[in-house]
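Everything below concerns the one structure shown next.
These numbers were taken from a predicted model, which means no experiment stands behind them. Counting starts at 1 for both ligands and their atoms, in listed order. When a residue number appears, it is its place in the shown sequence, counting from 1. All values below were derived from every heavy atom in this structure, side-chain atoms included, with hydrogens, water molecules and symmetry-related copies excluded.
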Amino acid sequence: MTTHREPLSSVLETIGETPLVRVQDGPEAVPVYAKLESFNPGASIKDRIGRYMLERMLERGELPPGGTVIEPTAGNTGIGIAVAAGQLGVRAVFVVPERFSVEKQQLMRALGADVINTPTEDGMGYAIQRAHELADELDDAVVPQQFSNPLNAEAHYETTAPEVDEALSGRVGAVVAGCGTGGTLMGMARYFREHDPGTHIVAVEPEGSAYREFLGETVEHDSYKTEGIGTHDIETNELFDPDLVDDVVQIADRDVHAEMSRLAAEEGHLVASSAAANSIAAKRVARGIDSGRIDAPHDTVVTVFADSSERYLSKGLYGSFDEWTG
Ligand code: PMP
């Protein structure tokens with residue numbers, strides 16, 4: 001995090017206020033800007049919801065001081081919640097299917113959290129069920145549940161969106177963001193549509209993911225390598241509101257792979273697959289605005305680069321396409 005000029009008392013104060021940087025490969029007349037979320041202390045956009053959800057839940061008394069949060073998560077959300085929990089005096093427990101990245105589990109443990117593994121073959125559904133069972137056994141425990149908790153989208157409505165708004169002096173024509181829970185896009189969409197109902201909003205997902213089912217389409221589900229975005233069961237994506245979205249675009253793993261390498265080699269961005277998918281989709285929207293095909297109130301497109309490629313080096317993301325997907 002680079003914008004603070006004064007000493008800070010806690011790492012929590014370094015969450016947010018991330019840099020907004022132009023993607024140089026976009027069209028000249030319609031700049032694309034990306035919010036670099038790996039500048040957060042847990043190195044992803046999920047630090048924002050970790051801090052925001054826990055602080056609000058403590059304030060509202062939903063989580064008692066010194067209580068426990070139990071979240072079924074294998075990824076950045078666990079790290080984000082663990083960073084916040086450690087500083088707010090809350091115990092964090094994560095229920096993680098065994099197959100998920102060992103690196104991320106090590107980081108959660110290093111931050112003081114407990115990680116409980118569930119059998120891979122029982123899937124994420126069982127991890128969710130186990131988290132709720134464990135919470136029921138304790139009288140001070142809650143499950144934040146990022147997929148259904150409105151505080152997730154609210155964190156972006158209250159922090160990510162206003163930061164972008166201020167940096168661009170309100171001139172935001174389109175918001176383009178990959179959807180995992182949909183929290184990032186929904187929070188930003190709601191904020192910018194309130195400011196200008198014509199703001200063009202685009203959700204991004206990997207090819208093979210099913211967000212387009214929200215638009216009433218039949219989708220052929222397939223596996224994909226792009227991480228952190230996409231869904232195979234839209235009923236779990238309770239935060240996603242299709243009325244706030246103009247389009248859902250699908251990006252192929254092959255294009256994501258090439259864009260990750262290009263972003264590093266040409267623009268110095270060590271970012272992971274969801275950022276590359278967002279970059280491709282945001283440039284496409286910018287070209288659409290440039291050509292007049294897409295209507296937007298301003299000639300500016302905003303997206304997010306959610307995390308860093310360093311978290312996935314062991315998965316060969318800078319190797320050949322076959323090494324990454326193999
Ligand atoms: N990119 C990465 C790397 C993520 O971990 C996530 C969260 N799953 C997202 C994008 C999507 O964010 P959201 O859950 O807010 O839709």
Residues Glu227, Lys315: salt bridge by 4.0 Å N-O rule: yes

Please identify each residue that fulfils salt bridge (charged side-chain N to carboxylate O under 4.0 Å, His left out) with Glu207, with sequence neighbours left out. none

Atom pairs and distances, side-chain donor-acceptor, residues 73-84, under 3.5 Å, sequence neighbours left out:
| residue | atom | partner | partner atom | Å |
| --- | --- | --- | --- | --- |
| Thr73 | OG1 | Gly75 | N | 3.1 |
| Asn76 | OD1 | Arg311 | NH1 | 2.9 |
| Asn76 | ND2 | Asp307 | OD2 | 2.9 |
| Thr77 | OG1 | Gln146 | OE1 | 2.8 |
| Thr77 | OG1 | Gln146 | NE2 | 3.3 |

Candidate pair Met260 and Ser273, rule side-chain contact (heavy atoms from CB on, under 4.5 Å), full reasoning: CA-CA 6 Å; Met260 277 193 291; Ser273 51; 4.1 Å; yes

Out of curiosity, does Val304 fall in the hydrophobic cluster containing Leu270 (side-chain heavy atoms, cut-off under 4.5 Å, transitive links)? no

For ligand 1, what are the residues with a heavy-atom contact below 4.0 Å? Lys46, Asn76, Gly178, Cys179, Gly180, Thr181, Gly182, Gly183, Thr184, Glu227, Gly228, Ile229, Ser274, Ala306, Asp307, Tyr312

Partners of Phe147 by ring pair (Phe, Tyr, Trp, His ring centres under 6.0 Å), sequence neighbours excluded? none

